[in-house]
Amino acid sequence: MRAERLLRLLLRLQSGGRATVGELARHLEVSPRTVQRDLDALSLAGVPVYATRGRGGGWALLPDYRTRLTGLTPAEVMSVFVGATAHVLADLGLDASSDRAMIKLIAALPEGTRREAEFARQRLLVDHAGWDDRREVPPWLDLCREAIWAERRIMIGYRDRKRPFPVEPLGLVAKARTWYLVAARTDGALRTFRISRLTSASPTADSFTRPRDFDLAAYWSETQRRFAATLPSYPIRLRVRDHVLPRFRPTAPVRSDGDGWSVVEADLENPDEACSTVLSLAGDAVVLAPAELLIMVRDAARRILGTA
């Protein structure tokens, strides 16, 4: 959501001082080009941002400038930084704070921008929940969040462990509708725990010092990369009719043949899944590679026809 990102950019410059476009891009987790566009947008909106060149240069606010975003409570500010994903805010008990924060943010905008923001807010809604979404909030979520904020160790029981053990909670991650706790063990090793698999959780009186170099977003990105590397992989190449292309992932490489057919590359889990996929497409797919898949499909078709 761009309004949220602009606010984060503005508050980063106000609290952190001068920063390069690269530093801002890493902070906001966007491209340098996006940061440049956002800086231009702030300037056009009347925010006094300016750039200096040379060693030690970067973007900054005029020294005496302060935002007029007053009156926000800590919960409202937190709801903005967490993001506007409704189910995440609801799980954390911040949905009402998010609504109040949005009203205050819109009220603090210049007249023209305020009209545009309200116009968009009344016409665009992103709902990440499924139609049959009956999932309950994990019972230990609030305790974990409070321990993270207070930097207090907690004792947790986990599904595959016989006894509870202490951890130092560092962050929470909402992956779709699943919550994960990122924590350090007493030996310093970082681990990820699915909160719904906790069998118990209790606070302790022991505090800990959060690692200064720990970055939750970077840790999670690396965790996902390592997990993806462990997934089974069976790459295939098919020639398919264009109307079945939506059956494949949007990231699958596609080359159009210009005659109503395209060549698509897909990565499935195993040969059996690949064979089932091709058979389900009937006459709308031709196997190009690997050769063993072509044999599997041919043999399966013969068995279906009773000619094997």
Would a hydrophobic clustering, with Ile, Leu, Val, Met, Phe, Trp and Tyr connected at side-chain separations under 4.5 Å, put [X] with [Y]?
{"X": "Val167", "Y": "Leu141", "answer": "yes"}
{"X": "Ile154", "Y": "Val182", "answer": "no"}
{"X": "Leu281", "Y": "Leu294", "answer": "yes"}
{"X": "Val21", "Y": "Leu61", "answer": "yes"}
{"X": "Leu288", "Y": "Leu293", "answer": "no"}

How about CZ on Arg161, more than 12 heavy atoms from neighbouring residues, nucleotides or ligands closer than 6.0 Å, or not? no

Using side-chain hydrogen bond (donor to acceptor under 3.5 Å, both in side chains) as the criterion, list what pairs up with Arg152, not counting sequence neighbours. none

Does the side chain of [X] reach to within under 4.5 Å of the side chain of [Y], using non-hydrogen atoms?
{"X": "Val254", "Y": "Val263", "answer": "no"}
{"X": "Leu245", "Y": "Ser262", "answer": "yes"}
{"X": "Val244", "Y": "Val264", "answer": "no"}
{"X": "Tyr180", "Y": "Thr223", "answer": "no"}
{"X": "Pro232", "Y": "Asn270", "answer": "no"}
{"X": "Trp179", "Y": "Leu181", "answer": "no"}

Just verifying a value: how many Å separate [X] [atom1] and [Y] [atom2], rounded to the nearest 0.5 Å?
{"X": "Thr186", "Y": "Phe208", "atom1": "OG1", "atom2": "CZ", "value": "13.0 Å"}
{"X": "Leu24", "Y": "Arg8", "atom1": "CG", "atom2": "CZ", "value": "11.0 Å"}
{"X": "Arg197", "Y": "Ile156", "atom1": "CZ", "atom2": "CD1", "value": "13.0 Å"}
{"X": "Ile236", "Y": "Cys275", "atom1": "CD1", "atom2": "SG", "value": "10.0 Å"}
{"X": "Glu168", "Y": "Ile148", "atom1": "CD", "atom2": "CD1", "value": "12.0 Å"}
{"X": "Leu39", "Y": "Leu10", "atom1": "CG", "atom2": "CG", "value": "10.5 Å"}

Residue pairs fulfilling side-chain hydrogen bond (donor to acceptor under 3.5 Å, both in side chains) with at least one residue in residues 212-221, sequence neighbours excluded: Thr192-Tyr219

Name all pairs fulfilling the side-chain hydrogen bond (donor to acceptor under 3.5 Å, both in side chains) condition that reach into residues 271-283, sequence neighbours left out, sorted by first residue then second. Arg247-Ser280

[X] versus [Y], closest heavy-atom pair with distance:
{"X": "Pro271", "Y": "Tyr234", "value": "CG-CE1, 3.5 Å"}
{"X": "Gln36", "Y": "Trp59", "value": "NE2-CZ2, 3.4 Å"}
{"X": "Pro169", "Y": "Ala147", "value": "CG-CB, 3.7 Å"}
{"X": "Pro211", "Y": "Leu170", "value": "CD-CD2, 3.8 Å"}
{"X": "Phe193", "Y": "Ala183", "value": "CE1-CB, 4.1 Å"}
{"X": "Trp140", "Y": "Ile195", "value": "CD1-O, 4.2 Å"}

If you link ILVMFWY side chains whenever their heavy atoms are less than 4.5 Å apart, which other residues fall into the same cluster as Leu231? By chain and number, please. Phe227

Who are the side chain to side chain contact (heavy atoms under 4.5 Å, CB included) partners of Pro164, not counting sequence neighbours? Met155, Ser200

Electrostatic pair Arg239-Asp259, nearest N-O below 4.0 angstrom: yes

Contacts of Arg241 meeting salt bridge (charged side-chain N to carboxylate O under 4.0 Å, His left out) (sequence neighbours excluded), chain-then-number -> Asp284

Any donor-acceptor N/O pair, Tyr158 side chain to Arg194 backbone, under 3.5 Å: yes

Under 3.5 Å, is there a donor-acceptor pair between the Arg33 and Ser31 side chains? no

Given side-chain contact (heavy atoms from CB on, under 4.5 Å), test Leu238 with Val287 step by step and report yes or no. CA-CA 5 Å; Leu238 307 175; Val287 177; 4.0 Å; yes

